Number of protein chains: 2
Amino acid sequence: MSTISTEDYIKAIYKLEVRGEKATTSALASQLGVADASITDMIKKLSDKGLLHYERYQGVELTQQGVKMALGILRRHRLWEMFLVEFLAYSWDKVHDEAERLEHVTSAELEHAIDTALGHPTGDPHGDEIPTVDGKLPNRSCTALAAHEAGDVVRVLRVSDEDSAILQHAASLGVALNSRITVKQKMPFDGSLTIKIGKKEHFVSRQVADSIFVERV
Amino acid sequence: MSTISTEDYIKAIYKLEVRGEKATTSALASQLGVADASITDMIKKLSDKGLLHYERYQGVELTQQGVKMALGILRRHRLWEMFLVEFLAYSWDKVHDEAERLEHVTSAELEHAIDTALGHPTGDPHGDEIPTVDGKLPNRSCTALAAHEAGDVVRVLRVSDEDSAILQHAASLGVALNSRITVKQKMPFDGSLTIKIGKKEHFVSRQVADSIFVERV
DNA sequence: AAATGATTTTAGGTTCAACTAAATATCAAT
DNA sequence: ATTGATATTTAGTTGAACCTAAAATCATTT
C-alpha cells in the first residue's frame, strides 16, 4: 500500500474547489481512497504547513500558498500532456496517466525546458488551459454538451481527460478540439443526445455528453 | 526524511557490483546514507522478493531478476539523459539529476516512445552504453585517463556522470565524446596530468583524470 | 427544541522503514 | 590459536501514514 503524497492531497482539494464543491473530509477520503480518519490526520498537518485553512467539522480550503502549489502541479501536468502528444506521438487518451506520474518529478528547469520546446503553449491536448509560471489560469467559459438542446450548434473547447475510455470513444466519433457539433435530438430522461459531426450522426450517452465542453457558435 | 525506494537499493547494489566491489552492508549504508542496521533489515526483504542473494555476514549479490531490474532502471536513466540533450537542449552536466528522478516513473510505453523518438540510440551523452530492452549491455573496454602515461594518445569514450561539476569542468577544457587527447606529462605523486586537446594544453587533476575513460588510438 | 441520521473527529492500534545501542560474527595480525 | 579491530546483526524504539471503532458534532426533520 503506497502512501499518498502532499501533492496528491493538494490536487484532490483543488479539483473539488474548481468543481465548486466543498472539500469535505468524506469527499477527500473517497477521492483518495483512504479512511475518513486518515484525512482528518493529514489535513491537520497540511494546515500546519500553511497549505490550507482547516476548522474542525468545516472542511478545508486551500490557502494562497496551497493554490499556488496546485497550479504548479497542474501546469506541469498539462505541459507534459502536450509534450507527450507533440514530441512523442502519444494519442490524447494515453497522456493523462503518464503525466500524472511525471508531474511530481519535474524540476523548475525541466518545466521551463518543456514550455520552451513547445513554444509556450496555452492549452493542453484536451483543451485545458495551462496555468502560467506565475500562477494565472485564464478561465474560458464553456458549457457541457449535455446542457445543450436540439438545434444548438457548438464548437468543442475541451474534453475531460479523467477517463481514457471516454476520450478514446470521443475521438472515434470525430470529436476533437474545435470540432463543430450540431445537436439533433435530446432524449428526455437520461439526457443522452444525437449529434452530427461533419456528415455523420452519432448517438452520445449522457456520460460522454457531460465530458465534452463547448461554446455556441 | 524520505524513504529509499527498492529501485534505489537495487541501483546501489548494481553500481557496486559493476565496479567489481562487494556489496557489503556498510558499503550500501554509506552509499544510501542510512544506518547499517537499516540495510540489514532491507536486504532481507529484497531477498524475500527474489531480487538478491543474501547470506548473513556475507554481503549480497543480485539475482538474475535483480540484475534485470537494475538494467531496466539504467536503460530508462540513459534514455532520459539522451532525450534531455537531444530534445530539450540540456547540457551533459545537467541531465543526470533530472534522469535520476524520471527513471522511476517511466512506463514501458514511455520508455519505448523515447527510444523510438531517439532512433534507438546505443549510448547516452556521457558515452555510457544503453542496455537493450531485453537486458543486454554491450560492455566496451576502456581505461581511465589517469592510468595513462606521458606520450599516450587517446580518444574519449566516456565521462562519468556522477559529478556534475566535473562534467562541466571537462566540457570547459574541450573534453567531449571522441575528443582526441595527448598526455603531455604525468605528475609522479598525485597522478594529475597535463594534456593537450586540439591546440591547447590543460592541467587535469587526478579526480578529473579518474572520471574520463578513454581508449588508445 | 429534541430527536435522529449523517459526518467528522478522537483514541488507540498496525505497519513500515528508519533509528540507536548492544551483542555477535568475521578477519587479520600476532 | 588468540586477540583485537572491524563489520554485521539483533533487539528494541520512533515517527509517519494509514487503519477501526467509539465519541462528538452538525444538520434536518418533526
Side-chain angles (χ1 to χ4, degrees), chain A residues 1-17 19-63 66 69-70 73 100-101 104-105, chain B residues 1-17 19-63 66 69-70 73 100-101 104-105:
Chain A
M1 182 174 297
S2 70
T3 135
I4 299 167
S5 69
T6 296
E7 292 199 340
D8 282 331
Y9 276 93
I10 297 302
K11 268 177 69 177
I13 297 164
Y14 180 82
K15 211 174 285 181
L16 288 168
E17 290 187 356
R19 281 209 286 256
E21 296 169 34
K22 192 143 161 233
T24 62
T25 300
S26 52
L28 289 169
S30 81
Q31 257 268 276
L32 294 169
V34 296
D36 290 6
S38 308
I39 297 292
T40 303
D41 278 0
M42 201 61 193
I43 60 185
K44 280 182 198 161
K45 288 173 195 164
L46 297 177
S47 171
D48 291 346
K49 287 186 189 161
L51 293 168
L52 47 83
H53 295 298
Y54 168 58
E55 216 170 324
R56 290 167 69 241
Y57 295 99
Q58 301 312 129
V60 297
E61 209 168 309
L62 292 179
T63 58
M69 177 181 280
I73 301 163
E100 202 85 76
R101 290 184 290 270
H104 301 295
V105 293
Chain B
M1 176 171 302
S2 70
T3 132
I4 298 167
S5 69
T6 295
E7 292 199 338
D8 283 330
Y9 276 94
I10 296 302
K11 267 177 70 176
I13 297 164
Y14 180 82
K15 212 175 282 179
L16 288 168
E17 290 187 356
R19 280 209 287 256
E21 295 168 35
K22 192 142 160 230
T24 63
T25 300
S26 52
L28 289 169
S30 83
Q31 256 270 276
L32 294 168
V34 297
D36 290 6
S38 310
I39 298 292
T40 303
D41 278 0
M42 202 61 194
I43 59 184
K44 280 182 199 162
K45 288 171 194 163
L46 297 177
S47 170
D48 292 345
K49 286 185 189 161
L51 292 169
L52 47 83
H53 295 297
Y54 169 56
E55 216 170 324
R56 290 165 72 240
Y57 296 100
Q58 301 311 132
V60 298
E61 206 168 309
L62 292 178
T63 58
M69 177 181 279
I73 301 163
E100 203 84 76
R101 290 184 291 271
H104 301 296
V105 294

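In what follows, chains carry the letters A, B, and so on, assigned in the order in which the sequence lines appear, proteins first and then strands, with residues in each chain numbered from 1. Just so you know, these numbers come straight off a predicted model, no measurement behind them.
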Whole-Å distance, A:Leu46 CG to D:dC18 P, equals 10 Å
Atom OH of A:Tyr54 and atom P of D:dT25: how far apart are they, to the nearest Å? 12 Å
Euclidean distance, atom CD1 of residue B:Ile43 to atom P of C:dA17 [Å, nearest integer]: 14 Å
side-chain N/O A:Lys45 vs D:dA17 OP1/OP2, d < 4.0 Å: yes
Please give me the minimum heavy-atom distance between B:Ser26 and B:Asp36, naming the atom from each residue. CA-OD1, 4.0 Å
Do any N or O atoms from the side chain of A:Thr63 and from the backbone of A:Gly50 form a donor-acceptor pair under 3.5 angstrom? yes
In terms of side-chain heavy atoms of A:Thr3, which of C:dT9, D:dC18, C:dA17 is nearest? D:dC18
Determine, stepwise, if the pair A:Val34 / A:Leu28 fulfils side chain to side chain contact (heavy atoms under 4.5 Å, CB included). CA-CA 8 Å; A:Val34 296; A:Leu28 289 169; over 6 Å; no
Take B:Glu61 and B:His53, measure what side chain to side chain donor-acceptor pair (under 3.5 Å) needs, and give me the verdict at the end. CA-CA 5 Å; B:Glu61 206 168 309; B:His53 295 297; over 6 Å; no
Is there a side-chain polar atom (N or O) of B:Thr25 under 4.0 Å from OP1 or OP2 of D:dT9? yes
Where along residues 26-39 of chain B does a heavy atom fall under 4.0 Å from DNA chain D? B:Ser26, B:Asp36, B:Ala37
From OH of B:Tyr57 over to C1' of D:dT8, roughly how many Å is that when rounded to an integer? 5 Å
Gap between atom CD of A:Gln31 and atom OG1 of A:Thr24 - 0.5 Å precision: 10.5 Å
Of all the choices, D:dC26, D:dA17, D:dT9, which nucleotide is nearest to the side chain of A:Met42 once you look at every atom? D:dA17
In whole angstroms, how far is the P atom of D:dA17 from the CG atom of A:Asp48? 12 Å
Could you state the atom-to-atom distance from CD of A:Gln58 to C1' of C:dT9 in whole Å? 12 Å
Examine D:dT9: is either OP1 or OP2 under 4.0 Å from a nitrogen or oxygen in the side chain of B:Lys44? Give yes or no. no
Would you mind reading off the distance between B:Arg56 atom CZ and D:dA7 atom C1', rounded to a whole angstrom? 13 Å
Respond yes when some side-chain nitrogen or oxygen of B:Tyr9 is under 4.0 Å from OP1 or OP2 of C:dA18, and no when none is. yes
Evaluate the side-chain proximity of B:Thr40 to B:Tyr54: yes if any heavy-atom separation is below 4.5 Å, no if none is. yes
Specify the separation, in whole Å, of atom NZ of A:Lys22 and atom C1' of C:dT7. 11 Å
With no hydrogens and no angle check, is any side-chain donor or acceptor of B:Glu17 less than 3.5 Å from a backbone partner on B:Leu62? yes
